[in-house]
There are 2 protein chains.
Amino acid sequence: MLYDKYSVQTIRVDTPSARYDVFAGTGLLANLAPRIERIAGRLPRRIFVITSPEIWGVWGETLLSSFAEPPVTLFLPPGEKHKTMASVEKLLRQMVAAGGDRGSLLIAFGGGIVGDVGGFTAATFMRGIPYVQAPTTFLAQVDSSVGGKTGVNLPEGKNLVGSFHHPIAVFADIGVLGTLPERELRAGLMESIKAGIIRDRSLVRFMEEHVEDILRRDGRALEKVIAASIKMKADVVNRDERESGLRMILNFGHTLGHAIEQVTRYKALLHGEAVGWGMVAALHVASRRRTISGSQAERLENLIYAYGPLPPLKLRPAKLVAATGADKKNVGGVRRFVLPVGIGDAGVVEDVTAAELEAAASYMLAQAAENPR
Amino acid sequence: MLYDKYSVQTIRVDTPSARYDVFAGTGLLANLAPRIERIAGRLPRRIFVITSPEIWGVWGETLLSSFAEPPVTLFLPPGEKHKTMASVEKLLRQMVAAGGDRGSLLIAFGGGIVGDVGGFTAATFMRGIPYVQAPTTFLAQVDSSVGGKTGVNLPEGKNLVGSFHHPIAVFADIGVLGTLPERELRAGLMESIKAGIIRDRSLVRFMEEHVEDILRRDGRALEKVIAASIKMKADVVNRDERESGLRMILNFGHTLGHAIEQVTRYKALLHGEAVGWGMVAALHVASRRRTISGSQAERLENLIYAYGPLPPLKLRPAKLVAATGADKKNVGGVRRFVLPVGIGDAGVVEDVTAAELEAAASYMLAQAAENPR
């Protein structure tokens, strides 16, 4: 093997429309060119990197190190407000101007926004060119870079425009996480907790037993958590590429999580933090319904707090419930809600009522009103 | 059968990514709702029609007649200048505002621009919803509505952004052509001549023998030409969905055709007219190279003029050749060029030189300088 000195795990995505590998480990970024060459057969004449100025400032040199001819670098300014059609059009025009054609390749090198915007740019440039995901945040590595979802926001809401367009490979380089702000790491780990709760009890146990290792970014511990999280997601995507059934369970913690984000206008919390609180609320619904025991709920809630702190919240429960789209006149409450079944399994129910949601939101907000958890 | 009194031909598109029928005939528009219901299983709760104000003014009532609940109508102003990302974003926002969701269906009801923009809107709304093509021009019926290509322009060039997104059905209602301007019909027929030359000699013969019937829009004659043209295109698309090989032959007449459009800034000629002149030039290259005989070239050139007039052109041959991207320093000239082989077959060559192109352009421009042909 060429990369003996590095530790890399390979997870296969295999859906009706695409088959590719997700690599998670060390030394990936510094060997990107030969790795892409091996996958694509040859290095395309024109390669574009879409990235953010900060990421490029810190890691650009490492990425460039393995390319004989440097790719064309295009920048997306940071922040959700640039996740727009206008940004995509600007990037597409820059690619045309720089001589891009149907044989070009794109590398999305950054966090979730760069991945979503870069993927959508690749999906639509000359009706689709191949691209590679090189996610640089924990959250993007375990979640958004895998599964082929790409897109941007409209003023009316998030991710309302996009494509399913799978990358030809994902390179999740754990070394890059060394410069990730502490808060982003903790928030990202909420998606790994989610992965464990809905589908991998051994991941739950590992995260319970290695809190300290993981938070001090021990390479082996991080690789284990990241690879297990990606495996879970890839497994779900492989069975349900287009989110017609099973893939829905990935939304565990997201019903109230999204409501929190919406009510706080995406400003107060990171996505993972909102999902953390959303899971606390969903665990309450689950334990009331006895799909998990009270002690299981407590154990999982403590796991969430172990990777906190989650920021405190001061909101009215009714307002959160309204933001979920649950209609009080509609007996059914929210249309679909993900409930864990024990630890490591989950299902989707369609009969969670607005009253149940409000009780869960009240419980969660009581926890969130105390000191940061 | 439900539509006994109408004559309808069914052509199947069957590619790795999609399988659907193209219906060509009469009475399709007036029965759109039950036809869609039969294909989709049920009529979605929310249906959108993207159309142009003129088409809607003339044919809107007919389309609405079979819907118990009228679809939401969204307008795209006429003209290439509205084939933009901004138009797509506006349509997407209107769909969100009108309650569109992932279960919605879109109908693209108009000419080629409406089809391309409507298809791209469907491809990107919430990462893709099903859509139906209901083309209203001859050109859109025989060409752009079949094959799954969707997209918009950038200031840098045409169709640089888009997706491959196949409709669930195409309804080419011949009755709609009754109100099509004469010039558009003649221009559209150039694509049928192209279809015959590259792949269907019986279509060439039919078009030679029925010029008058076709131009006075006799239903049976039009249906025959349209169905044969669609069959040719579907057959090519079925074998080469993503334009990696065979599909290239659909570009017969388009190398110099596109050059004419570019040099005249898409203002002087309709697309089909430019392709008509482009075919005249390509036939010249072919007869010089003896892939067709001189008499075959003459016969086909006369067929093109029989469906004219093609507008006169006053251009410099060298300027046209430059616009094809043929590089004089590059011995190869244009990268790929489609040459007919006899009548009803074609191939792609990569060694046509700039000198050959210039000779062909000179010949063609001599014809085009005379009175309209």
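Nothing here was measured: the structure is a model prediction, and the numbers come from that model. Chain naming here is simple, since letters A, B, ... match the order of the sequence lines and numbering starts at 1 in each. Note that these values count all heavy atoms, side chains included, but never hydrogens, waters or copies made by symmetry.
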Rounded to the nearest 0.5 Å, how far apart are CD of A:Glu156 and CD of B:Gln94? 10.0 Å
Under 4.5 Å, counting heavy-atom pairs only, tell me which of A:Lys149, A:Met95, A:Met126 racks up the most with chain B. A:Lys149
For a quick test of reading the model, state the closest non-hydrogen atom pair linking A:Arg127 to B:Thr150 and the distance between them. NE-O, 3.3 Å
Is it the backbone or the side chain of B:Ser17 that comes under 4.5 Å from a heavy atom of chain A, or both, or neither? neither
Take atom NZ in A:Lys90; do more than 12 heavy atoms of anything else shown fall under 6.0 Å from it? no
Taking non-hydrogen atoms and a cut-off under 4.5 angstrom, which of residues 105-124 of chain A neighbour chain B? A:Phe120, A:Ala123, A:Thr124
Counting only non-hydrogen atoms closer than 4.5 Å, can you tell me which residues of residues 78-89 of chain B sit against chain A? B:Met85, B:Val88, B:Glu89
Give a yes or no on whether A:Arg12 atom CZ has more than 12 heavy-atom contacts from other residues, nucleotides or ligands under 6.0 Å away. yes
B:Val161, part contacting chain A, at a heavy-atom distance under 4.5 Å: both
